[in-house]
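Take a look at the structure below.
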Number of protein chains: 2
Amino acid sequence: MKPSVVTIEPNGHFCSDCAIRGAAVCSSLDAAELREFEHLGRRVHFDSGETVFSEEDMTTSFYNVLEGVMRLYKLLPDGRRQIVGFALPGDFLGMNISGRHNFSADAIGAVTVCQFAKAPFGRFIEDRPQLLRRINELAIRELSQARDHMVLLGRRSADEKVATFLLGWRERQVALKGLSDTVPLPMSRQDIADYLGLTIETVSRTFTKLERHGVIEIIHGGISLLDPARAEALAAA
Amino acid sequence: MKPSVVTIEPNGHFCSDCAIRGAAVCSSLDAAELREFEHLGRRVHFDSGETVFSEEDMTTSFYNVLEGVMRLYKLLPDGRRQIVGFALPGDFLGMNISGRHNFSADAIGAVTVCQFAKAPFGRFIEDRPQLLRRINELAIRELSQARDHMVLLGRRSADEKVATFLLGWRERQVALKGLSDTVPLPMSRQDIADYLGLTIETVSRTFTKLERHGVIEIIHGGISLLDPARAEALAAA
DNA sequence: AAAGCCAATTGACAGAGATCAAATCTGAGT
DNA sequence: ACTCAGATTTGATCTCTGTCAATTGGCTTT
């Protein structure tokens, strides 16, 4: 999928009524700073499947996800893909040291981001250690998640991987939209497979197995978690 | 392995003649700051196999590795282990947001660290955004490495894993001690297996296979890289 | 030098998950 | 409603890596 039409809205938005105002990097800014901040960012929309940035690209922007889901992934020369994470509203992307993104990102369904040009954003941070501290916090949180995922990839069985993924994904949905046992899965089976280090067939078979055992019900566009306790048991093992 | 005797040297050391002065977090400090900084840290030695900190411990200190090698790992309830990285001189440990370490660390061979109590270190950072920026840089670098390792764990074959590990480890030795085709491997085969998401038997067989094919020679306490080009080819694939 | 211990290697076999292939389902467009 | 393309599921088989077991090797202790 290559990027097609990208709509840049002519500054018709304000941080003060931004849905993720409290969750994102912005949470470290006071009202006055926020007003200055909102001139730096632009809302940009991406359609389903569009690439927001690629691994080899020079980093020219930072991104704050406002709406939708993105897959973050790395490719091997022969085409094998590892999804290193899914980005949801509130996630901050673009941190790096090499000057290049070290993974690619594309939209799963429609996505809105708040895009910041690198240079002015860097200048804005300069004399706001609060913001820097917030960014550091996010980086460290991601690092911790990355290590958890290494354990999953290196040491867990297919059943454990799938159960852990479903619970973890549900957890993020809960944080965003409140508690529900209906878990929407906007990403494809292939995406899930590439996230868990499995093949699409194994993911599909495992879903079916979980359904046969009454742990989940496979519904349109997601799953329904029938037996959270049993799922937890599978994931913990 | 549980911690045994830990020697705390009575302040007989100075940052100015520290071997890793330029590489570590300290590189962001000027001479005056460094003089203040050296009162915060203490050199602490650990013997081979001793645990420096455990996953569930509250974080009370930050650590700067001065000498030696540490394995950083997470355990599953049933004892399966995933090594999430090896720490070498210059590496900075202890960053977290939960207030707890999110992995355990123990010494592989003798280790010396520069240990900082959390509170005074935090206060020292407070009005030194330079240092914070440096720490952020280190976190982001680690994050990038973590993502690379996810690709290895999720999508590479045993041969590729081992070849990639040997080249990566050699790279770090080169950065530390200069170029050499003799690569010391202070960690056990089990450590390598737990780092690569393999079993000890598979690691051993792969080493033997690489030796049969003339890519490496297994020597005492490490390997000799006979055919770097072939190893690169295996790792890239 | 012999004994003992732990790490590493090697062998035989098994199994989880991959691969190859076909069938079924779903949704968009006509 | 019908067609077509892509996604998902299911089946049959294979293979890479894990498991279990035995052997070898190196180092320390006596």
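Naming convention: chains lettered A, B, ... in sequence-line order (proteins, then strands); numbering from 1 in each chain. Below, all heavy atoms of this structure are taken into account, side chains as well, without hydrogens, waters or symmetry copies.
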**Asked** If only side-chain N and O atoms of B:Thr208 are considered, is one of them under 4.0 Å from the OP1 or OP2 phosphate oxygen of C:dT10?
**Response** yes
**Asked** A:Lys161 NZ to C:dG17 P: how many Å, rounded?
**Response** 8 Å
**Request:** Please determine if a side-chain N or O atom of B:Thr202 lies less than 4.0 Å away from the OP1 or OP2 oxygen of D:dC16.
**Result:** no
**Fill in**
Rounded to whole Å, CZ of A:Arg212 lies from P of D:dT9 at a distance of 13 Å
**Asked** Where each residue is assigned the nucleotide of DNA chain C containing its nearest heavy atom, which of A:Arg205 and B:Arg189 is assigned the position nearer the 5′ end?
**Response** B:Arg189
**Fill in**
Taken to the nearest whole Å, CG/B:Leu198 to P/C:dT9 is 14 Å
**Fill in**
residues 66-91 of chain A vs ring-ring contact (aromatic ring centres under 6.0 Å, His included), sequence neighbours excluded, gives A:Phe86-A:Trp169, A:Phe86-A:Tyr195
**Message:** What's the closest nucleotide to the side chain of B:Glu201 if the choices are D:dA21, D:dT10, C:dA8?
**Reply:** D:dA21
**Item:** Any B:Leu143 side-chain heavy atom under 4.5 Å of B:Arg147 side chain
**Value:** yes
**Option among B:Arg81, B:Arg189, B:Arg80 that satisfies the side chain to side chain donor-acceptor pair (under 3.5 Å) test with B:Asp194** = B:Arg81
**Asked** What is the distance, rounded to the nearest whole Å, between atom CD1 of B:Ile223 and atom C1' of C:dT9?
**Response** 17 Å
**Prompt:** Tell me: CG of B:Leu196 to P of D:dC16, nearest whole Å?
**Reply:** 18 Å
**Request:** Please check the phosphate of C:dG27 (OP1 and OP2 only) for any side-chain N or O of A:His220 closer than 4.0 Å.
**Result:** yes
**Asked** Tell me: CG of B:Leu152 to P of D:dT17, nearest whole Å?
**Response** 12 Å
**Prompt:** Between the main-chain N or O of B:Gly94 and the side-chain N or O of B:Asn96, is there a donor-acceptor pair closer than 3.5 Å?
**Reply:** yes
**Message:** By the 4.0 Å heavy-atom rule, please label B:Gly221 as base, sugar-phosphate, or nothing.
**Reply:** nothing
**Message:** Side chain of A:Ser204, heavy atoms from C-beta onward: which of C:dT10, D:dT10, D:dG18 has the nearest atom to it?
**Reply:** D:dT10
**Message:** Rounded to whole Å, how long is the line connecting atom CG of B:Leu185 with atom P of C:dT9?
**Reply:** 11 Å
**Request:** Mark yes or no for whether A:His213, through its side chain, and A:Lys209, through its backbone, hold a donor-acceptor pair below 3.5 Å.
**Result:** yes
**Prompt:** To the nearest angstrom, how far is A:Ile218 atom CD1 from C:dC25 atom P?
**Reply:** 13 Å
